[in-house]
Amino acid sequence: MANERTTAWERVEIARNPKRKTALDYIENIFDEFIELHGDRNFKDDKAIVCGLGRMGDRNFTIIAEQKGRTTKENIERNFGMPNPESYRKAIRFMKQAEKFKRPVITFIDTKGAYPGIGAEERGQGEAIAKSMFEMAKLKVPIIAIVIGEGSSGGALAIGVANKVIMLENAIYSILSPEGYSSILWKDSSRYKEAAEKMKLTAKDLYDLKVIDKVIKEPKEDNEENFKKIASNLKKEINSTIIEMNKLDTEDIVQSRYNKFRNMGQYICISEH
């Protein structure tokens, strides 16, 4: 695990580690019960995003989670955690269901980005991402987004429009990969380590920039006991956030989400100058 002297690139490597816990690992340890729901009722059930109903004590939630695999077979089945447009349309379907039944929405972010294949583009990848963000912005129930690993590009941002954004200490969150950043900015993909530092993609950087609201510490040792501590801390954070959000009426929930992203953009612009 990382420590205070860990570089941005080292955190990228930790976030991408194929042995790192996935969304389903967290769902299993945070929620008392989980039932997966399938399909966008249009094209197919894309397994890069898992959707379903979760229960924690006497509270019910809608869960939307980007899911990577560990083995080659699992990664092929999950499309390496890169959602197709039908994944986002599936997510939108269950967000609207959550609104209908007044269930809070929890999203788990962990993806290299939305799948850039020809088929995905033909089926409207960009529109699906934009539509997901649009629907989240006006959803009338609380939304909590949790960045657990690699949160890159529009694939991550598509399910990140939340009232509260929580991030694990060794996760990353950015508009594109360091390799992509260095290729675009310097026309030299070999400068990815330098790019990682400049991109401000670590949890500490993003907390300082007010992009995220809470950082969950990760113990130095990567073992099952410490994982359960992280999951327990996430569970406490979800519970406390929902208790606070339940004090707000519907209009205030939507307005607080709007204010968060409006103020965040203004703060970043001021910081960069």
Side-chain angles (χ1 to χ4, degrees), residues 1-23 26 48 65-68 80-83 107-116 129 132-133 136 144-162 164-220 222 230 234 237 260-261 263-273:
M1 277 294 180
N3 56 48
E4 292 299 322
R5 295 182 297 277
T6 306
T7 66
W9 177 251
E10 286 170 336
R11 292 196 192 276
V12 172
E13 291 184 308
I14 294 170
R16 290 175 174 176
N17 190 327
K19 295 182 179 179
R20 189 170 174 85
K21 296 296 185 180
T22 68
Y26 282 100
E66 290 166 331
Q67 177 65 27
K68 294 179 177 178
F80 293 82
M82 295 185 289
T107 72
F108 290 88
I109 297 172
D110 186 17
T111 183
K112 297 177 182 179
Y115 185 59
I129 291 170
S132 180
M133 296 174 73
M136 290 186 85
I144 302 172
I146 306 170
V147 188
I148 60 171
E150 185 179 12
S152 292
S153 193
L157 299 175
I159 60 169
V161 184
K164 186 165 189 175
V165 181
I166 302 168
M167 192 167 170
L168 298 190
E169 184 181 15
N170 292 319
I172 59 169
Y173 196 29
S174 62
I175 58 168
L176 77 169
S177 69
E179 295 91 340
Y181 181 99
S182 60
S183 294
I184 293 169
L185 188 64
W186 300 309
K187 304 293 188 291
D188 182 2
S189 61
S190 68
R191 296 173 67 179
Y192 54 86
K193 292 184 181 180
E194 182 183 353
E197 295 293 340
K198 288 186 175 292
M199 289 174 71
K200 305 296 183 185
L201 46 64
T202 69
K204 182 183 183 305
D205 289 331
L206 295 168
Y207 181 80
D208 291 342
L209 288 169
K210 302 187 185 301
V211 173
I212 65 169
D213 305 288
K214 179 77 176 183
V215 179
I216 301 295
K217 290 282 187 181
E218 296 188 55
K220 292 181 180 180
D222 186 5
I230 296 169
L234 279 174
E237 197 63 38
K260 169 183 169 56
F261 283 89
N263 295 338
M264 178 181 73
Q266 291 173 343
Y267 182 83
I268 291 172
C269 287
I270 293 169
S271 298
E272 288 181 345
H273 287 84

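Quick note: residue numbers are just sequence positions, from 1.
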Over all heavy atoms of both residues, which pair between A203 and E169 is shortest? Give the atoms and the distance, please. CB-O, 3.8 Å

Please confirm whether the backbone N or O of A158 pairs with a side-chain atom of S132, one donor and one acceptor, at under 3.5 Å? yes

Main-chain N/O of I184 paired to K187 side chain as donor or acceptor, under 3.5 Å: yes

Test salt bridge (Lys or Arg N to Asp or Glu O under 4.0 Å) on D213 and K260; report intermediate values, then the result. CA-CA 10 Å; D213 305 288; K260 169 183 169 56; 2.9 Å; yes

Validation row: I212, V147 side chains within 4.5 angstrom (heavy atoms): no

Under 6.0 Å from the CZ atom of F80, do we count more than 12 heavy atoms belonging to anything else shown? yes

Looking only at side-chain N and O atoms, does T22 offer a donor or acceptor that is under 3.5 Å from a partner on Q67? yes

Quick check: closest heavy atoms across G81 and A48, and the distance to 0.1 Å? C-CB, 4.1 Å

Only one of E10, K217, R11 clears side-chain hydrogen bond (donor to acceptor under 3.5 Å, both in side chains) with N170; which? R11

Should K164 and I166 be marked as a side chain to side chain contact (heavy atoms under 4.5 Å, CB included) after you check the CA-CA gap, both sets of side-chain angles, and the distance that decides it? CA-CA 6 Å; K164 186 165 189 175; I166 302 168; 4.2 Å; yes

What do the steps show when you test I230 against Y26 for side chain to side chain contact (heavy atoms under 4.5 Å, CB included), and what is the final call? CA-CA 9 Å; I230 296 169; Y26 282 100; 4.0 Å; yes

Where do P83 and G113 come nearest, in terms of heavy atoms and distance? CD-O, 3.7 Å

So CG of L209 and CG of L201: to nearest 0.5 Å the spacing works out to 11.0 Å

Which heavy atom in M136 sits nearest to a heavy atom in V161, and how many Å separate them? CE-O, 3.4 Å

For T111 and M82, which heavy atoms make the closest approach, and how far apart are they? OG1-CA, 3.8 Å

Working to the nearest 0.5 angstrom, can you tell me the gap between S152 OG and E179 CD? 8.5 Å

Check: S182 side chain, D188 main-chain N or O, donor-acceptor pair, under 3.5 Å: yes

Has E197 got a side-chain atom pairing as donor or acceptor with A8's backbone, closer than 3.5 angstrom? yes

If we only count heavy atoms from C-beta on, is the I216 to L234 side-chain gap below 4.5 Å? yes

Measure the spacing between OH of Y207 and NZ of K214 and express it to the nearest 0.5 Å. 7.5 Å

For the residue pair E66 and I148, establish whether any side-chain heavy-atom pair is separated by less than 4.5 Å. no

Which one of K21, R16, K68, R20 satisfies the salt bridge (charged side-chain N to carboxylate O under 4.0 Å, His left out) criterion with D110? K68

Just checking I175: does its CD1 atom have more than 12 heavy atoms from other residues, nucleotides or ligands closer to it than 6.0 angstrom? no

Does the side chain to side chain contact (heavy atoms under 4.5 Å, CB included) test come out yes or no for F108 and I159, once each step is laid out? CA-CA 8 Å; F108 290 88; I159 60 169; over 6 Å; no

Can you find a heavy atom in the side chain of W186 that is under 4.5 Å from one in the side chain of Y181? yes

Taking C-beta and beyond as the side chain, do L157 and Y173 meet within less than 4.5 Å on heavy atoms? yes

Minimum heavy-atom separation for A156 and I109, please, with both atom names. CB-CG2, 3.5 Å

If you measure from CZ on R191 to CG on L185, what distance do you get to the nearest 0.5 Å? 7.5 Å

Run the side chain to side chain contact (heavy atoms under 4.5 Å, CB included) test on K193 and V12 for me, step by step, so that the C-alpha distance in whole Å, both residues' side-chain angles and the decisive distance to 0.1 Å come before the verdict. CA-CA 9 Å; K193 292 184 181 180; V12 172; over 6 Å; no

